[in-house]
Amino acid sequence: MINSHLEIDSSIENLIENSIEIPPTFEFGERSSNIAFKLAKFLKKSPMKIAEELSQGINNNLDEKTLIVKTTPVKGYINFFINFIPFFNRLYTQIKKEGAKYGENTRGKGKKIIVEHTSINPVKALHIGNLRNAILGDCIARIYKRNGWKVEVQNLIDDFGRQVATLIWGILNGHHLGVVREINEKYDVWLGKVYSHCNSLLAENDLWPEVDKVMVDMRHDPHMYRFMRNICQTCVDNNLETSWRYGVTYNYLVWESDISRSGVWEETLRLLEKNSSFHWEKEGSNAGCFIANLGKLDEFQDKKNPDKVFVRSNGIPTYVAHDVALQLWKFGIVKANLISRSVVKQKNESEETRDLWTSTDFRVSGEKGKIFGKSNRVCNVIGMEQNYEQEIVRYSLKLLSLNNEFENSFHMSYKHVNAPHARFSGRTGNWIEERAWADAVFEDTYTAAFKAISKKRPDLEDNPIKREKIVNSITAAAIRYWLVKFSTETEIKFRIEDATSLEGDTGPFLMYSTVRAMKILTKLSKIKAFSARGDYAITQNEKNLILQLYRCPKVIKNAADSLQPLMIAKYAYELASSFNRFYETSRVLNAESAKLKNFRVALVQIFSIVIQNILHILGIPIVDEM
RNA sequence: GGAUCCGUGGCUCAGCAUGGAUAGAGCGUCUGCCUUCGGAGCAGAAUGUCGUGGGUUCAAAUCCCUCCGGAUCCGCCA
């Protein structure tokens, strides 16, 4: 009885909350509700009539202390007009008090999420598509942190895969000698060229069995393993440099070969064998294989062959089986531990400095390890071509009756970045001629930013160190923003003029309005605490900015729930635009009256706080001039 | 063959989850704004059968179905 009342109450609350929207024009107030339309059916009255009655009822209960001045019924809508002075006063107090924490919430308190991203094969440089993955993952990690979660960022290094075997085969046969390494060319870029060269040689001569042999040797011959791991290590070191340039950092590098040795897979197999949904096939085309019986789930009925091979007849587990094991390990269901070692302190201007750890194949005596994994939620940032594979991982948890883990497995799926008329592929190496690897995009954008600053800030020629720092920041901002401003469901077409753009809906635009606000604040001799007294006129642009500042906490919630960093980017742009319009029409330092100046300074103060909080989430560096 | 995603001004994209008032941005084009806190900015103009056809609804870019066009997946590859 009580429960059903509560349900009704909360559904009414939802109904009201969901009915609130932002009207198309401020003539209709600052907020409006279409609730009269929804109620019309039940009350069997016209929406116009209901809106009039509700509006009247609300108006009768308003006084000068309430945050609403008045409501008006218009064509069935109820429009709300905000009492801006007390509203602003309250918002100002809150933002000043919370400061860098404004916008955050504690929904994830006591819970931990693992975000896995980047995870490229250690045979090449990051191309722009891998960078999209890294930036999206980095943003979602930052977003989760603001939602109160403990976040662990992992980067999976697949050193046991076919790609690495392909590269090693090529090097053992001296094929890398035929690939010229340019002067100053990064090792990982050159390695990527070798890798695609090897692929074409293998395809032409059909030499794949030789690669299979390398794959086996890597596992069983310690010298071969060491040789391979050293090459991969150098590649990973290079890849990290690229990530760091863009402000992307990790907590833990997980090496596939370390997982193999840790017993994670064996433990997983024992777990699966005990479950009736998995079995060793005795007959048919899959005879001798270990099979996941996904066909028993409704979701897989439409598949041609819903059952999935987890272990091949030669005893080697498949990629998807490995992923299931990894997922179980991330949740702490599989308990085997990896040996870990602290590697380096990552420098990161915008976030805190983070310790980077790696899994390792040997322990130095006296060295302290650290336990990773054991999380409540997992978010894997992986391209949408692996949607099906990720579903298999998720539903395998369901087959194991791990419903909580099933519910908490998130696949952040995104489309690729491609050349306007072709796909980028590490195998074919077509990212080389398009200059689409992440370092080249950085260089090209750097050039554009440098050109711009030389023109706008000739005075900085005397301070090349400062200038370089600013140009680096602008470059990272431009590319990072460009990669998150699209929905993850949109394929990005790589055009260098888009990536390097510095005006309009771009990262540098956000930085610029931040700089404007900071400049105003530094010109004040003293910043006094604001308190609203009496009356002063608030312009439409000012109201607009106030409302944008107010939206922040909700945006951070929604971005986490929908796994869309785009929402933060859109908000940042709207917030900065609102500030620029305010800046254009409202003088701050020489405002018309002291009271007005006081108010506008306060507004600039809280804008400065909120925009910086938001730029931190986007990983956009903050500079005080540009 | 089956499944998933996409289709919105000349170009590139938001909006679709939870249907609501005049469909929003940026780029490009055109017109204004520097004796004013920094013009990487602001104000304004032009450009739209929201792929097609149907359905549900008081109301559809949004939900359902058809078809067309594009991408991806359905492996003892990763």
Side-chain angles (χ1 to χ4, degrees), chain A residues 14-15 17-19 21 23-25 28 32 34 37-38 40-41 46-47 74-77 79 121 158 161-163 208 285-286 288-291 299-306 308-320 322-323 383-389 391 413 415-416 418 423 449 452-453 455-457 474 478 485-493 495 497-498 501-513 515-517 519-524 558 561-562 564 566-567 569-570 573-574 576-577 580-581 583-591 600 604 625-626:
Chain A
N14 277 336
L15 185 69
E17 185 164 341
N18 289 336
S19 80
E21 52 197 16
T25 146
F28 296 142
S32 68
N34 60 31
F37 290 99
K38 318 262 184 217
K41 218 168 268 173
S46 82
V74 180
K75 290 196 281 186
Y77 291 89
N79 297 327
N121 290 303
D158 185 8
R162 190 173 210 90
Q163 280 82 354
W208 296 108
S285 57
N286 287 337
C289 295
F290 187 64
I291 304 292
E299 287 82 356
F300 287 79
Q301 287 310 315
D302 50 36
K303 292 286 174 290
K304 206 192 290 179
N305 183 5
K308 191 72 195 170
V309 172
F310 270 30
V311 181
R312 302 175 179 94
S313 49
N314 66 6
I316 296 176
T318 56
Y319 169 81
V320 64
H322 246 135
D323 249 15
M384 75 151 257
E385 75 281 0
Q386 290 197 43
N387 281 357
Y388 177 58
E389 188 267 352
E391 284 297 274
S413 170
K415 284 193 178 170
H416 278 240
N418 283 318
R423 293 193 51 168
I453 207 164
K455 197 171 155 198
K456 290 167 202 286
R457 293 292 305 278
I474 292 172
K485 74 185 232 185
F486 300 97
S487 155
T488 51
E489 288 168 334
T490 297
E491 177 189 316
I492 300 181
K493 289 172 195 104
R495 292 191 186 83
E497 61 273 24
D498 291 347
S501 170
L502 308 173
E503 289 170 16
D505 186 11
T506 66
F509 173 95
L510 307 178
M511 292 170 85
Y512 184 69
S513 53
V515 166
R516 281 177 145 182
K519 282 281 172 187
I520 291 175
L521 297 177
T522 55
K523 284 190 177 159
L524 289 160
N558 288 345
D561 294 345
S562 58
Q564 282 287 9
L566 148 81
M567 289 186 169
K570 285 285 155 200
Y573 179 72
E574 282 162 22
S577 289
N580 281 341
R581 285 197 296 274
Y583 183 91
E584 206 73 24
T585 52
S586 301
R587 309 274 85 205
V588 178
L589 296 177
N590 47 354
R600 287 177 182 166
V604 175
E625 58 180 292
M626 61 189 279

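None of these values were measured; they are calculated from a predicted model. Letters A, B, ... are given to chains in the order of the sequence lines, protein chains preceding strands, and every chain is numbered from 1. FYI, side chains are in, hydrogens and waters are out, and symmetry mates aren't considered; it's all heavy atoms of this structure.
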Pick out the pairs of N or O atoms, protein on one side and nucleotides 21-32 of chain B on the other, that lie under 3.5 Å.
unit_1, atom_1, unit_2, atom_2, d
rA21(B), N6, S32(A), OG, 2.6
rA21(B), N6, N79(A), OD1, 3.0
rA21(B), N1, N79(A), OD1, 3.2

Separation of rU4(B) C1' from F300(A) CZ (nearest whole Å): 13 Å

My understanding is that only residues two or more places apart in sequence, or in another chain, count here; which of them pass ring pair (Phe, Tyr, Trp, His ring centres under 6.0 Å) with F37(A)? Y77(A)

T488(A): which residues meet the side-chain hydrogen bond (donor to acceptor under 3.5 Å, both in side chains) condition with it, sequence neighbours left out? Q564(A)

Pairwise P distance, rA78(B) and rA25(B) [rounded to whole Å]: 49 Å

For E489(A), check side-chain hydrogen bond (donor to acceptor under 3.5 Å, both in side chains) against everything at least two apart and list the hits. none

Using atom C1' in both nucleotides, what's the gap between rU35(B) and rG39(B) to the nearest angstrom? 16 Å

Please identify each residue that fulfils salt bridge (Lys or Arg N to Asp or Glu O under 4.0 Å) with E391(A), with sequence neighbours left out. R394(A)

Considering only the C1' atoms, how many Å lie between rC30(B) and rG10(B), rounded to the nearest integer? 14 Å

Given the C1' atoms of rC50(B) and rA60(B), what is the spacing between them in whole Å? 11 Å

Please name all residues satisfying ring pair (Phe, Tyr, Trp, His ring centres under 6.0 Å) with Y388(A), sequence neighbours left out, ordered by chain then number. none

Could you pick out which residue, N387(A) or A452(A), lies toward the 5' side of RNA chain B when each is mapped onto its nearest nucleotide? N387(A)

Can you name the side-chain hydrogen bond (donor to acceptor under 3.5 Å, both in side chains) partners of R162(A), sequence neighbours left out? D212(A)

N580(A) has a side chain; which of rC37(B), rG38(B), rG41(B) sits nearest to it? rG41(B)

If anything within 90° of 0 is syn and all else is anti, what is rC65(B)? anti

Measure the distance from CG on N34(A) to C1' on rU62(B) and round it to the nearest whole Å. 14 Å

Return a table of donor-acceptor pairs under 3.5 angstrom between the side chains of residues 502-513 of chain A and protein atoms on other chains or two or more places apart.
unit_1, atom_1, unit_2, atom_2, d
D505(A), OD1, Y481(A), OH, 2.5
T506(A), OG1, L502(A), O, 3.3
T506(A), OG1, F509(A), N, 3.3
S513(A), OG, L510(A), O, 3.2

If I pick the P atom on rG2(B) and the same atom on rU66(B), what distance separates them, to the nearest angstrom? 11 Å

Are any non-hydrogen side-chain atoms of K415(A) and I492(A) less than 4.5 angstrom apart? no

Distance between the C1' atoms of rC63(B) and rU57(B), in whole angstroms? 10 Å

For S313(A), all residues meeting side-chain hydrogen bond (donor to acceptor under 3.5 Å, both in side chains), sequence neighbours excluded: none

Please state how far atom NZ in K456(A) lies from atom P in rA40(B), giving the value in whole angstrom units. 4 Å

At a cut-off of 3.5 Å, list every protein nitrogen or oxygen paired with a nitrogen or oxygen from nucleotides 75-78 of chain B, distance to 0.1 Å.
unit_1, atom_1, unit_2, atom_2, d
rC76(B), O3', R312(A), NE, 3.2
rC76(B), O2, S313(A), N, 3.2
rC76(B), O2, S313(A), OG, 3.1
rC76(B), N3, S313(A), OG, 2.8
rC76(B), N4, S285(A), O, 2.8
rC77(B), OP2, R312(A), NE, 2.8
rC77(B), OP2, R312(A), NH2, 3.2
rC77(B), O3', R312(A), NH2, 3.1
rA78(B), OP1, R312(A), NH2, 2.4
rA78(B), OP2, R312(A), NH2, 2.8
rA78(B), OP2, Y319(A), N, 3.1
rA78(B), O3', D158(A), OD2, 2.7

Holding to salt bridge (Lys or Arg N to Asp or Glu O under 4.0 Å), I want the full list of residues that pass it with R457(A), two or more places apart in sequence or in another chain. D459(A), E625(A)

Looking only at the side chains, is there a donor atom on one of S19(A) and N34(A) sitting less than 3.5 Å from an acceptor on the other? no

Dot-bracket encoding per residue of RNA chain B, Watson-Crick/G-U cut-off under 3.5 Å, | denoting interstrand: (((((((..((((......[...)))).(((((.......))))).....(.(((..]....))).))))))))....

Whole-Å distance separating the CG atom of N418(A) from the C1' atom of rU12(B): 16 Å

Between rA23(B) and rG70(B), how far is it from one P atom to the other, in whole Å? 31 Å

CG of N286(A) to CD1 of I291(A), rounded to nearest 0.5 Å, is 4.0 Å

Take F486(A) and R581(A), find for each the nucleotide of RNA chain B with the closest heavy atom, and name the residue whose nucleotide sits nearer the 5' end. F486(A)

Between rC74(B) atom P and M384(A) atom CE, what is the distance in whole Å? 11 Å

Which part of the nucleic acid, if any, lies within contact of Y512(A), taking any heavy atom under 4.0 Å across all strands shown: a base, the sugar-phosphate backbone alone, or nothing? base

Regarding the side chain of Y583(A), the nearest nucleotide among rA40(B), rG39(B), rA14(B) is rG39(B)

What's the gap between rG32(B) and rA46(B) when it is taken at their C1' atoms, as a whole Å value? 15 Å

Measure CD1/I474(A) against P/rG38(B) and give the value in whole Å, please. 17 Å

